[in-house]
2 protein chains.
Amino acid sequence: MRDGTKTKESIDRTSLRLFVEKGVAETTIRDIASAAGIAEGTMYRHYASKDELAWSLFSKNFTALSRELDRLQKEQPGTREKIEAMIRCFCTLFDDDPILFSYLCLHALHGQIGKMTPDRPHAMEVLIKVIDGGMDRGEITKGNPTVAASMVMGIVLQMATSKVYGRFDESMTDLADTIVAASWRVVGE
Amino acid sequence: MRDGTKTKESIDRTSLRLFVEKGVAETTIRDIASAAGIAEGTMYRHYASKDELAWSLFSKNFTALSRELDRLQKEQPGTREKIEAMIRCFCTLFDDDPILFSYLCLHALHGQIGKMTPDRPHAMEVLIKVIDGGMDRGEITKGNPTVAASMVMGIVLQMATSKVYGRFDESMTDLADTIVAASWRVVGE
DNA sequence: CTTTAGAAAGTGAACGTTCATTCACTAATG
DNA sequence: CATTAGTGAATGAACGTTCACTTTCTAAAG
């Protein structure tokens, strides 16, 4: 039996890049096929449709990221360490794979994230949970945990956005200490 | 001569709403015409193309917002007051017209904002300028003004995003004090 | 070791649909 | 009556998807 693993990987990486560069709707199957060096029909051996391709790329990776965040958070004893671990995870993901980060956290938010069923792990909910726990334990200023989590997430995501636009030169990991410190100033006791 | 002002306003509001609800690419001229109660050809009496419609809605309103932010900022003596005035402006815009806010600040970022020429007023640059000035005057902790501005902008925009998703009940104006306080904790001296 | 059958992957022209745009025509207004 | 707004069927291009066909690979049979 013929092995299509390499082809599928090529489809995944190429379409991820084009989806981020031009947007999902603006990327045609012909664009993907041409950039990946395959025929137009080949994608359909691996995905039922363009929609399924876009959704698979999002849901698989977003679920993995959310699980990883939850795993890292559980490893840490205190709330500050939990939040620091999560922020460093975002920074590392950005530096390692800015295209994937952009697709998951900056682009796909509208259109894909609305399809996430409530049962699946969700990065934002992990952060809310951590902050809620931190408030219970008195490690975080009492208040609305969703509001606090939104602010922390906002700092991280807008930093990534500015990095994408080339507004600063440091890597996200270089700035991780700064981001953690700022986030803690926002939510910390 | 016939007056098309009302029709144009109807096109503007209807397409703005649909662009935010479904995305620009996913909104067809038929969608707009049908929802606005006009014929398909009518839009072309007011805009040369769908692209021009999307761009006009963005650039006109984004420039107006950026100018307003700059005007408000100039009215204030201190850096804290400047930032507070700008954040309150974002909150008011959101509460008054969440659809316009979403189009300008949450959706159109990718696709439209890249077309902004550097000479035009740009909300982010106004904020960077204010923070840069605040650092010079010793009212803001010394550092990279772009990084500080990104964090403040991130707090505001992610709060708006969470509000769009219905993650909390308060209006943005209700939370303005909280947002200003958090932002100042991030950048303030 | 060689042959061969079957299964899955790869191909790309063709298909049907959808879409943005056009245009000849009509309606309104000054 | 001239000018601009409004109309909606028609147009052609672009797109996602299909499918009959080819290629490649595995493994069982000889």
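What's counted below: heavy atoms across the whole structure, side chains too, no hydrogens, waters or symmetry copies. These numbers come from a predicted model, not from an experiment. In what follows, chains carry the letters A, B, and so on, assigned in the order in which the sequence lines appear, proteins first and then strands, with residues in each chain numbered from 1.
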Under the 3.5 angstrom rule, does the side chain of A/T42 hit a backbone N or O of A/I38 as a donor-acceptor pair?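 The answer is no, because no donor-acceptor pair under 3.5 Å joins these two groups.
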
Give a yes or no answer on whether the side chain of B/E139 reaches the backbone of B/T79 with a donor-acceptor pair at less than 3.5 Å.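 Yes; at least one donor-acceptor contact below 3.5 Å.
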
Quick one: does any side-chain atom of A/D136 pair with a main-chain N or O of A/G133 as donor and acceptor, under 3.5 Å?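 No.
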
Mind checking which nucleotides bracket the chain A contacts on DNA chain C, 5' to 3', with an atom under 4.0 Å from a heavy atom?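 The footprint of chain A covers C/dA8 to C/dA14.
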
Between atom NE2 of B/H122 and atom CG of B/D70, what is the distance when rounded to the nearest 0.5 Å?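 Answer rounded to 0.5 Å: 13.5 Å.
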
For the helix from C/dC1-D/dG30 to C/dG30-D/dC1, what angle lies between the axis at the first five pairs and the axis at the last five pairs, to 10 degrees?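 Answer rounded to 10°: the end axes differ by 0°.
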
Just how far, in rounded Å, is P of D/dA10 from CZ of B/R30?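 Computing the B/R30:CZ to D/dA10:P distance gives 12 Å.
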
Regarding B/T5, tell me which of base, sugar-phosphate or nothing describes its non-hydrogen contacts under 4.0 Å with the strands shown.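 Nothing, no heavy atom under 4.0 Å.
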
B/Y47 has an atom OH; how far is it from atom P of D/dG6, in whole Å?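 To the nearest whole Å, that distance equals 12 Å.
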
Which part of the nucleic acid, if any, lies within contact of B/T42, taking any heavy atom under 4.0 Å across all strands shown: a base, the sugar-phosphate backbone alone, or nothing?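 It contacts base atoms.
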
Rounded to the nearest Å, what distance is computed from the CZ atom of residue A/R45 to the C1' atom of nucleotide D/dT23?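 Those two atoms, CZ and C1', are 12 Å apart.
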
Matching residue for A/F62 among A/I113, A/L57, A/L100 - test: side chain to side chain contact (heavy atoms under 4.5 Å, CB included):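 Of the listed options, the one satisfying the test is A/I113.
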
Kindly indicate whether a cation-pi arrangement holds for A/K8 with A/Y47, taking the cut-offs as under 6.0 Å to the six-membered ring centre and within 45° of the axis.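 Yes, a cation-pi geometry holds between A/K8 and A/Y47.
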
Run the salt bridge (charged side-chain N to carboxylate O under 4.0 Å, His left out) test on A/E9 and A/K6 for me, step by step, so that the C-alpha distance in whole Å, both residues' side-chain angles and the decisive distance to 0.1 Å come before the verdict. CA-CA 5 Å; A/E9 279 167 16; A/K6 283 276 161 57; 5.9 Å; no

At 4.0 Å (heavy atoms only), tell me whether A/G41 reaches a base, stays on the sugar-phosphate, or touches nothing.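 It contacts base atoms.
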
Separation of A/M43 atom CE from D/dT18 atom C1', in whole Å?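 Taking atom C1' of D/dT18 as the reference, CE of A/M43 is at 12 Å.
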
Where along nucleotides 25-30 of chain D does protein come under 4.0 Å, by heavy atom, of base (B) or sugar-phosphate alone (S), with - for untouched nucleotides? BS----

